[in-house]
Structure formats: structure tokens, C-alpha cells
Number of protein chains: 2
Amino acid sequence: MGRPERHATIADVAALAGVSVGTASKALNGRGSLREETRTRVREAARQLSFQANAGARSLHSGRTYTVGMITTDTIGRFSIPVLMGAEDALGAGEMSVFLCDGRDDPIREQYYVKTLLSRRVDGIIVTGRRTEARMSIGPNLPVPVVYAFISSADPGDCSVVPDEAGGARKAVEHLLAVGRTRIAHVTGPEHHNSARVRAAAALERLAEAELEPVAPPLFGGWSEAWGRQAVGILLAGRAEFDAVFCGSDQIARGVSDALRAAGRRVPQDVALVGFDNWDVMTEGAQPPLTSVDMDLEGLGRSAAEMLLSAINGTASPGRHEHPCRLVVRESTIVPLA
Amino acid sequence: MGRPERHATIADVAALAGVSVGTASKALNGRGSLREETRTRVREAARQLSFQANAGARSLHSGRTYTVGMITTDTIGRFSIPVLMGAEDALGAGEMSVFLCDGRDDPIREQYYVKTLLSRRVDGIIVTGRRTEARMSIGPNLPVPVVYAFISSADPGDCSVVPDEAGGARKAVEHLLAVGRTRIAHVTGPEHHNSARVRAAAALERLAEAELEPVAPPLFGGWSEAWGRQAVGILLAGRAEFDAVFCGSDQIARGVSDALRAAGRRVPQDVALVGFDNWDVMTEGAQPPLTSVDMDLEGLGRSAAEMLLSAINGTASPGRHEHPCRLVVRESTIVPLA
DNA sequence: GAAACAAAGGAAAACGATTGCCGACAAGTT
DNA sequence: AACTTGTCGGCAATCGTTTTCCTTTGTTTC
């Protein structure tokens with residue numbers, strides 16, 4: 001029952017093993033010159049007391065805490081999670097622990113967290129968020145390295161790792177061209193949203209390279225299924241025929257898919273469909289499953305964490321780094337045989 | 001450019017203010033008896049050096065770190081996030097920082113994290129996961145309090161905060177009865193899954209209290225939309241008529257909704273539909289929007305964190321605590337007027 | 001048998017902050 | 001003038017570890 005009263009200290013271990021604290025420390029860390037018998041005796045004592053060295057006291061001496069802070073500027077969401085997990089994974093392998101801070105879009109809260117993290121002497125900070133848009137630097141000259149992941153910093157001197165959304169959009173269009181579609185529409189999120197603009201521009205550019213025009217100007221709206229459904233109405237009402245739709249998100253794509261089916265158009269036979277995000281719930285829930293662009297957020301997070309680790313070890317890599325997207329092909333663009 | 005070389009220490013502050021370290025400390029913490037002028041002089045020096053007391057050094061003295069560890073036993077997912085955020089919120093208000101650890105269903109990894117957290121001298125640990133099922137205690141007698149959130153511990157001496165899934169299921173059925181439905185079916189997840197069994201049993205029980213039988217035995221399958229669609233096939237093939245389906249998840253409900261529409265049954269006129277989880281993507285994406293049971297995971301997380309704080313302060317509340325669910329009514333159960 | 005040397009482990013000084021105790025000085029009381 | 005009282009700040013111990021320097025042994029060598 002009950003919990004052990006307090007944590008064992010190295011003094012307890014030393015006493016039990018009948019040596020001095022210094023010797024105990026050396027024994028446990030493989031330093032100094034000690035008899036093997038002494039080492040094992042100390043190790044045994046430590047085991048018996050389930051001794052775990054106090055990391056705080058240790059870092060007091062070493063100057064490093066082996067912790068990093070992770071701040072999500074807006075609420076932790078669908079996009080931050082994989083980034084976060086990738087980072088946590090990469091950092092965990094380097095024996096670093098992660099402080100999680102949820103900024104909730106509140107600059108005050110954010111600054112409070114920065115202060116707290118600094119007082120905890122984190123070795124570095126990762127900043128992430130829910131949109132790729134550039135944001136203000138969290139602090140002009142902090143005493144520790146900072147890496148922005150997914151989101152990017154407005155200060156070009158900061159290190160940011162962002163998805164190559166333009167590249168992803170180009171891959172989507174390229175794939176549609178490769179499966180023989182030429183009358184392509186684009187339905188995407190709100191125009192004030194950076195991602196929507198970037199993806200749309202890249203898609204148009206790739207079409208132009210193939211000497212094609214979109215069947216209609218890009219349709220900007222929202223990121224939701226409802227907008228996808230609505231957009232199909234607009235497309236069908238227009239006089240132009242279309243044989244493919246590249247959507248700015250999987251949710252939009254799913255709405256488009258449902259509406260097309262309701263209107264009697266078959267996917268992919270009549271209209272091929274590509275989404276963006278590769279969100280399993282949507283890609284697998286849609287009928288047929290959706291081809292989609294995957295931003296590899298987990299990889300991005302891992303990569304950001306690795307950059308942070310390098311920066312901590314002295315080699316910073318300032319600037320904006322684009323992490324490649326990849327296309328995941330499913331039945332919404334491939335006409336089944338027979 | 002570059003970063004400030006190192007963190008200022010209280011010794012730097014003291015030197016700049018022309019006082020001793022002890023005095024500086026007192027000035028900054030409002031202890032001891034000092035002239036107001038001295039205090040402001042020290043504070044000014046601290047501001048100038050942007051001094052932030054080293055939390056590690058401080059906790060060495062106080063014995064408390066004001067940090068807690070948060071372990072997700074399986075991967076951080078849709079269910080852990082809100083729990084996590086609620087907890088982070090409650091803890092942040094108490095000035096505590098959170099270490100995030102992703103156990104990934106790997107007991108080795110998990111034990112490693114427990115060790116790490118203990119070495120970091122966290123004041124407490126919250127354990128969460130993706131299923132409500134009881135799991136083994138993460139450690140029989142750890143030196144710090146532990147609270148299980150969402151998931152529960154197999155050891156009844158541990159403190160667990162779990163959603164009242166049975167209560168939620170009862171509310172769902174009650175609502176269907178209240179809107180006049182009597183021929184109710186239940187489609188849910190795999191039978192080996194604790195949540196599926198508990199919810200099904202509670203639903204049946206509530207029906208029995210109204211002296212009703214379900215129109216068919218509960219249909220156990222998966223949690224997916226695909227299963228929902230498939231289940232509709234089974235129900236329609238059966239000879240029994242039904243006027244409502246209570247689904248074990250929103251994804252199932254959405255599948256059911258789509259399949260019913262495809263089969264020409266109107267929701268809610270012909271069949272009323274209730275889901276579980278109140279997952280916005282599904283409830284809003286479905287047509288019409290879904291009535292659903294909300295487990296209030298954020299509230300649950302907050303509540304767990306509060307229990308942890310009490311435990312840290314000496315008043316533990318061992319045992320299993322059920323957090324109430326609430327029903328969110330939408331158009332899938334309410335027939336529109338005229 | 002004495003000097004030289006290596007091996008093993010102890011003593012103490014850091015690291016950064018807090019805090020109890022004590023000394024110095026000024027002001028007020030007989 | 002000698003005392004008490006109170007105010008202000010400095011000194012040093014403390015927290016748990018690591019690490020540098022020493023001291024104590026025991027062994028080797030001439």
C-alpha cells in the first residue's frame with residue numbers, strides 16, 4: 001500500500017553501499033577508477049532503493065536539461081498532432097522530454113508559455129500551429145534555438161519547416177493528367193487562407209505547363225463537405241464539361257464525391273477526384289476511396305525535431321525548409337479494369 | 001544577431017543591483033524585510049537582464065517541480081486529444097507544466113517513460129489511452145500520485161476517471177423513446193471491445209425498463225462507416241420494421257445514414273438516428289446533422305487533472321469516477337415542422 | 001628496504017536558488 | 001549615556017549531483 005515516502009537520493013545509495021556520494025556517482029555513471037566489485041555493489045544498492053537520479057539537480061551541473069518545449073500557437077488539432085508525434089518520436093530517441101503548451105491563439109498565453117519554458121531551461125523550442133501561414137516570431141532573440149514546424153515564422157532568420165504545398169498540388173494535377181484527364185476543376189478553401197491560394201496557384205501553373213486551362217476559375221469557399229457539395233452544384237450549372245476535380249481538402253473532396261453520385265456522375269469513370277491531406281477518415285469513408293495528397297506531417301515533425309537537435313548542438317539551419325508531399329493513389333482516380 | 005550567451009543567474013542580478021544574492025532573492029520573491037527602494041532596484045536589474053529563475057534549482061530546494069507527466073498508453077489520437085487538452089488547461093491554471101509521452105502501445109516504451117518522468121521528479125502522472133477498457137496499473141507503488149483518465153486502471157486502489165458510457169447509452173435510448181420511437185435497433189463496434197458491450201447492454205436495459213425489446217439483437221461489427229452501411233443491409237433484409245437506430249459511434253451512424261438514404265428511407269421521418277462521440281466532422285458532415293452522445297472528454301480531462309492536483313496536495317480520491325455524458329440533439333432525430 | 005608509482009575511493013567545491021540566522025546601524029526610551 | 005527596539009541586508013547552510021583534486025593504500029622496482 002501507500003507510496004514510498006520520498007525519492008531515494010544518491011546519499012541513500014552511497015550509505016547502503018558503504019561508500020561516499022562521490023564514489024556512488026562515479027559507480028553509476030561509469031566514471032573514475034573503481035573496483036568492479038564496488039561498482040556492482042553500488043548498482044545493487046541503487047536497484048534496491050529504485051534510485052533515479054534527480055534530473056533537475058543533474059542539469060544544474062551540466063547546464064543542459066534534455067527537455068524541449070513545444071508550443072502550439074492555436075489549439076492542438078488535426079494537423080498539429082502528427083507534427084507533434086513525429087517530433088516527440090525524434091526527440092524521445094535523443095532522450096529528450098517534451099513540454100506541451102497549448103497557446104489557444106492567445107498571444108498572452110503564448111508569451112507566458114515562452115517565459116515558463118525558459119525558466120525551465122528547455123534546450124530548445126518547437127512552435128507549431130494549425131495553418132501553414134507565416135506568423136510573427138515568438139521572440140526576437142531567445143537564449144535557446146527555436147524551430148517552426150508546419151507553421152512558419154515571418155522572420156527569415158528563423159528556422160521553419162513547412163510542407164511543400166505547391167509541390168503537392170502539382171503532383172495532384174500531374175497525376176490527373178497522367179490518367180488522361182484534361183478538363184480539370186479546382187475546388188478549395190477560403191481565398192483569404194494561405195494554403196488555398198498557394199495550392200490553387202500551383203495547380204494552375206502546372207496546368208499551364210501542359211498548355212491547359214482549368215474548366216473554370218478556382219472555386220474558393222470553405223474547407224467543409226458542405227462546400228464541396230455546393231461547389232458541385234455550381235460546376236454542374238456552368239456550361240463547361242469536366243472530367244476531374246482537384247479539391248483543396250479531403251473534406252471538400254468527400255462532399256464533391258457525394259454530390260456527384262447524387263447527380264448521377266460516376267467517380268472515377270465520369271469524374272476523377274483528388275483530395276488533399278490524406279485524412280484516413282475521409283479517404284476511406286468516401287466511396288470510392290479517395291486519392292489524396294499527403295503532407296507527411298509526421299515526417300515533417302521528425303525533421304523539424306532533428307533540426308532543433310542540430311541547432312542545440314551548435315549547427316543552426318536558418319531559413320525556410322520545404323518538406324515534400326507525396327500522392328497516395330486510390331480508387332477515385334483509377335478506373336477499375338473491366 | 002545571435003542569442004544571448006547564457007541565462008542570467010540571480011548572482012548577475014545581485015551584482016548589477018549591488019546587493020547580495022540572498023537579498024536579491026528576497027527582493028524578487030517578496031520575502032524578508034527590505035527597503036522598497038532596494039526591491040525596485042533589484043527588480044529593475046532583473047528586468048534588464050531578463051532574468052528568469054532556474055526552475056530546476058528552485059525545485060531542488062522546494063521539493064516540488066510543478067510538472068506532471070502525461071502518458072498516453074496507445075498512440076495519441078482522437079480521444080486522447082480532448083482529454084489531454086482539458087488536463088493541460090486545468091494544470092496550466094495551477095502553473096504546472098506537462099510532459100507529454102506517447103507510449104504507442106509498447107509496454108517497454110511506457111516503462112521507460114515512467115522512469116524518465118520519475119527522474120524528472122514530476123509531482124504526478126496522468127495516464128490516458130484510446131479505449132476505455134481497464135488496463136494494468138503502470139506501476140504498483142510509485143512515489144507520486146497517478147490518475148487514469150478515459151482509460152481506467154485494473155487496480156481498484158488507483159484513481160480513474162472514465163466516461164459514463166452506460167449512462168450515455170441510456171440517454172440516447174431515452175431520447176428516442178421521448179420522440180416516439182419504439183422499434184429501435186442498435187448497431188455498434190466489435191463485441192470484444194468493452195465500450196461496444198457496455199453501451200449495448202445499457203441500451204437494452206433501458207429498453208427493457210420501457211418494456212420494449214430491440215427490433216433485432218445488437219449488431220456488433222466495427223466502428224467504421226463501411227460497417228454502418230453494411231449493417232443497414234442486414235437490417236433491411238431482416239423482416240422486422242424499425243423506426244430508429246442507435247449507433248455505437250458517429251462513424252457507424254454516418255454510414256447508416258448514407259445507406260438509408262440510398263435505400264430510400266428518410267432520416268429522421270422514417271428512421272431516427274443517434275450516434276456516439278459527438279465528433280463534429282461526422283455529425284456535421286452527415287445529412288441531416290446527427291444527434292449524438294458527447295462524452296465531454298475535455299471536461300473529463302479537466303476533472304482528472306483536478307483530482308491529480310488534490311492528490312498532490314494530499315487528498316487522494318481512489319476508485320473509479322464516472323464522468324457524465326450528455327446528449328446533443330440535432331436534426332437526425334427531430335422531424336422538421338411542416 | 002626505501003623510493004616511485006598506480007589504483008581506489010574520499011573530501012569538497014561547484015551548479016542556482018532559497019531561507020534562517022545574525023550583525024550593523026539608527027532611532028527611541030529611561 | 002546606556003539600553004532596548006526595529007529595520008535592513010549579508011552570511012552560510014541547504015537541496016542532489018557531478019567532478020576535480022587529494023589521500024590512502026598496496027604494489028613494483030632497484
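Each chain gets a letter, A, B and so on, in the order its sequence line appears, and its residues count up from 1.
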* Asked: What is the nucleic acid contact for A:S59, judged by heavy atoms within less than 4.0 Å: base, sugar-phosphate only, or nothing?
  -> nothing
* First encountered from the 5' end of DNA chain D, between B:A57 and B:R39 -> B:R39
* Verify, without hydrogens or angle tests, whether B:N29 (side chain) and B:R31 (backbone) share a donor-acceptor contact under 3.5 angstrom. => no
* To do: Select base, sugar-phosphate, or nothing to describe what A:T9 touches, counting heavy atoms under 4.0 Å on all strands.
  => sugar-phosphate
* Base D:dT17 paired with A:H61 side chain (donor-acceptor, <3.5 Å) -> no
* Structure fact -> Quick note, B:R121 side chain, CB onward, closest among C:dA7, D:dT17, C:dG16 is D:dT17
* Structure fact -> Between CG of B:L28 and C1' of C:dG16 the distance, given in whole Å, is 13 Å
* **Value in whole Å for how far the C1' atom of C:dC15 lies from NE2 of B:H7** => 14 Å
* Please check the phosphate of D:dT18 (OP1 and OP2 only) for any side-chain N or O of A:S62 closer than 4.0 Å. => no
* May I ask you to evaluate whether A:N29 reaches the phosphate of D:dT17, defined as a side-chain N or O under 4.0 Å from OP1 or OP2? => no
* Go through the side-chain N and O atoms of B:S80 and B:T72 and say whether any donor and acceptor fall under 3.5 Å apart. => no
* Under 4.0 Å: is that the gap between some side-chain N or O of B:S20 and OP1 or OP2 of D:dG10? -> yes
* Asked: Within the structure, does a side-chain N or O atom of B:S33 lie under 4.0 Å from either OP1 or OP2 of D:dG9?
  -> no
* Shortest side-chain distance from B:L60, nucleotide among C:dA8, D:dC15, D:dT17 -> D:dC15
* Sequence-distant partners of A:E37, salt bridge (charged side-chain N to carboxylate O under 4.0 Å, His left out), two or more places apart -> A:R35, A:R41
* Cationic tip of B:R109 above B:Y112 ring, under 6.0 Å, 45° of axis -> no
* To do: Mark yes or no for whether B:T128, through its side chain, and B:A149, through its backbone, hold a donor-acceptor pair below 3.5 Å.
  => yes
* **Exercise: do B:H7 and B:N54 side chains pair donor with acceptor under 3.5 Å** => no
* **Contact under 4.0 Å: A:R31 side-chain N or O vs D:dT18 OP1/OP2** => no
Identify the pairs formed between an N or O of the protein and an N or O of nucleotides 20-27 of chain D at a distance under 3.5 Å, and give each distance.
unit_1: D:dT20; atom_1: O4; unit_2: A:K26; atom_2: NZ; d: 3.4

* To do: May I ask you to verify if any side-chain N or O of B:R35 is less than 4.0 angstrom from the OP1 or OP2 atom of D:dC8?
  => no
* Any B:T23 side-chain N or O less than 4.0 Å from OP1/OP2 of D:dG9 -> no
* Cut-off 3.5 Å, side chains only: do B:D158 and B:S153 have a donor facing an acceptor? -> yes
